[in-house]
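Start at 1 and go down the list; that is how both ligands and their atoms are numbered. One is the number of the first residue; the rest follow in order along the sequence.
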Amino acid sequence: MNIDLSGKTALVTGSTQGIGLAIAEQLARSGARVAVNGRTPARVDEAVAKLGDFDVLGVAADVSTEEGTADLLRALPAVDILVNNLGIFGAVPPLEITDEQWRTYFDVNVLASVRLIRSYLPGMTERGWGRAIQIASDSAIVTPAEMIHYGVSKTALLAVSRGFAKEAAGTGVTVNSVIAGPTHTAGVEDFVYQLVDKSLPWDEAQREFMIKHRPQSLIQRLIEPEEIANMVAYLASPLASATTGGALRVDGGYVDSILP
Ligand SMILES: NC(=O)c1ccc[n+]([C@@H]2O[C@H](COP(=O)([O-])OP(=O)(O)OC[C@H]3O[C@@H](n4cnc5c(N)ncnc54)[C@H](OP(=O)(O)O)[C@@H]3O)[C@@H](O)[C@H]2O)c1
């Protein structure tokens with residue numbers, strides 16, 4: 001199979017590092033013109049420089065706010081591929097999650113994606129082709145007790161994808177979510193070393209972490225960001241034309257269920 005995104009413009013939100021940066025790189029490698037996004041111009045410039053060999057532009061904007069989204073839409077009025085990757089997470093004991101934290105998680109993890117889908121979907125349907133892909137999490141299905149607010153926001157994102165896929169029915173535009181499992185990003189590396197012997201080399205450290213703390217994983221290692229990006233590139237491509245309204249797992253078998 002040849003994933004060819006030439007002629008397509010893509011936006012990946014929250015893509016100055018981690019999974020978002022890997023997705024931006026894979027889409028660009030596949031021929032798309034890619035907009036990299038983060039809140040600060042310096043970090044966006046740094047990410048654009050890292051992807052220097054490709055057709056990449058940077059748009060600094062806080063897409064969790066209406067004003068930031070308006071700035072982004074001015075810089076990038078139309079895209080063919082929208083990847084709503086931005087998401088925040090953090091542990092808080094269930095009874096201590098404040099109203100403000102609930103609202104923040106809704107604003108950043110759900111409403112920011114809804115606003116961008118609402119803004120870009122009409123152009124995609126008019127042109128008869130488009131992709132909206134939301135990055136969800138295993139926490140969407142297995143609600144973590146230590147971050148209910150995060151889990152709820154990701155469950156909502158699955159419903160957002162399903163609902164907008166119905167809105168786009170029959171237009172050539174597909175809307176899906178990707179259920180990412182525990183992934184090797186900078187923040188997660190620090191987290192692993194908080195829980196296992198700091199002198200262990202990375203491969204052993206992550207193996208011990210997975211066996212002791214994430215025994216449900218069938219691959220028994222963290223997922224590499226590129227592995228999430230591969231699924232996103234496929235979904236973004238014309239090859240995935242019959243996949244819409246779904247949630248696809250790149251979770252290393254973490255969720256102990258046959259479906260979705
Ligand atoms: N890591 C995992 O194990 C894992 C597992 C399952 C699902 N996921 C999901 O995968 C996605 C990416 O996770 P990650 O771990 O790669 O994230 P990350 O390393 O924390 O990166 C977050 C990115 O978002 C940007 N950002 C933060 N707030 C923003 C805002 N308001 N507007 C625009 N950009 C913003 C950051 O850039 P600046 O700081 O430059 O703004 C950064 O590029 C999230 O949706 C997460 O829920 C992650």
Side-chain angles (χ1 to χ4, degrees), residues 11-26 35-51 58-73 75-76 83-91 104-113 115-116 133-144 147 149-158 160-161 177-192 206 209-210 213-214 216-217 219 221-229 231-232 247-252 254-255:
L11 164 66
V12 185
T13 62
S15 51
T16 58
Q17 64 177 44
I19 295 171
L21 183 62
I23 293 171
E25 177 167 353
Q26 186 58 279
V36 169
N37 160 254
R39 286 162 296 184
T40 56
R43 301 237 316 140
V44 169
D45 290 349
E46 213 178 289
V48 170
K50 280 188 195 150
L51 304 180
V59 186
D62 181 346
V63 296
S64 70
T65 67
E66 282 182 61
E67 308 76 52
T69 306
D71 291 345
L72 178 127
L73 290 169
L76 203 64
V83 183
N84 277 309
N85 166 75
L86 169 62
I88 51 169
F89 45 97
T104 301
Y105 272 71
F106 182 77
D107 280 346
V108 180
N109 290 4
V110 185
L111 193 53
S113 297
R115 263 195 221 106
L116 288 174
I133 299 162
Q134 284 57 250
I135 305 303
S137 160
D138 52 83
S139 302
I141 303 170
V142 184
T143 312
M147 40 184 189
H149 53 336
Y150 175 67
V152 166
S153 72
K154 292 296 184 179
T155 310
L157 211 46
L158 302 188
V160 164
S161 301
S177 41
V178 169
I179 296 174
T183 303
H184 180 195
T185 53
V188 168
E189 200 164 310
D190 293 344
F191 181 63
V192 167
Q206 65 155 314
F209 166 78
M210 294 304 286
H213 300 281
R214 297 288 184 274
Q216 311 92 311
S217 166
I219 57 172
R221 62 167 174 81
L222 288 167
I223 297 157
E224 291 302 319
E226 294 72 24
E227 295 177 286
I228 314 277
M231 174 67 88
V232 173
L248 287 93
R249 283 163 54 176
V250 189
D251 68 342
Y254 185 83
V255 176

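- For a threshold of 3.5 Å applied to N or O pairs, the pair formed by V63 and ligand 1 contains at least one separation below that value.
- Contact annotation: the side chain of I135 never approaches that of L157 to less than 4.5 Å [non-hydrogen atoms, C-beta and beyond].
- Between I19 and ligand 1, a contact under 3.5 Å exists for at least one N or O pair.
- A heavy-atom separation below 4.0 Å is found between A136 and ligand 1.
- Selection from S137, G181, G38, A140 by nearest heavy atom to atom 5 (C) of ligand 1 gives G181.
- With distances taken over non-hydrogen atoms, the option nearest atom 27 (C) of ligand 1 out of T69, L86, T16 is L86.
- Between R39 and ligand 1, a contact under 3.5 Å exists for at least one N or O pair.
- Using a 30° and 60° split on the angle between ring planes, H149 and Y105 fall in the tilted class, from 30° to 60°.
- The shortest separation from a heavy atom of N85 to ligand 1 is under 4.0 Å, placing the residue in contact.
- Residue-ligand proximity: A47 is placed with every non-hydrogen atom at 4.0 Å or more from ligand 1.
- For G187, the closest heavy-atom approach to ligand 1 does not fall below 4.0 Å.
- Not a single heavy atom of V108 sits under 4.0 Å from any atom of ligand 1.
- The shortest distance between side-chain heavy atoms of L222 and V192 falls below 4.5 Å.
- Close approach of ligand 1 to V188 is summarised as follows: ligand atoms under 4.0 Å from at least one heavy atom of the residue are 1 (N), 3 (O).
- The closest approach between H184 and ligand 1 stays at or above 4.0 Å for every heavy atom of the residue.
- Counting only heavy atoms of the protein, atom 25 (C) of ligand 1 lies nearest to G14 CA, 3.5 Å.
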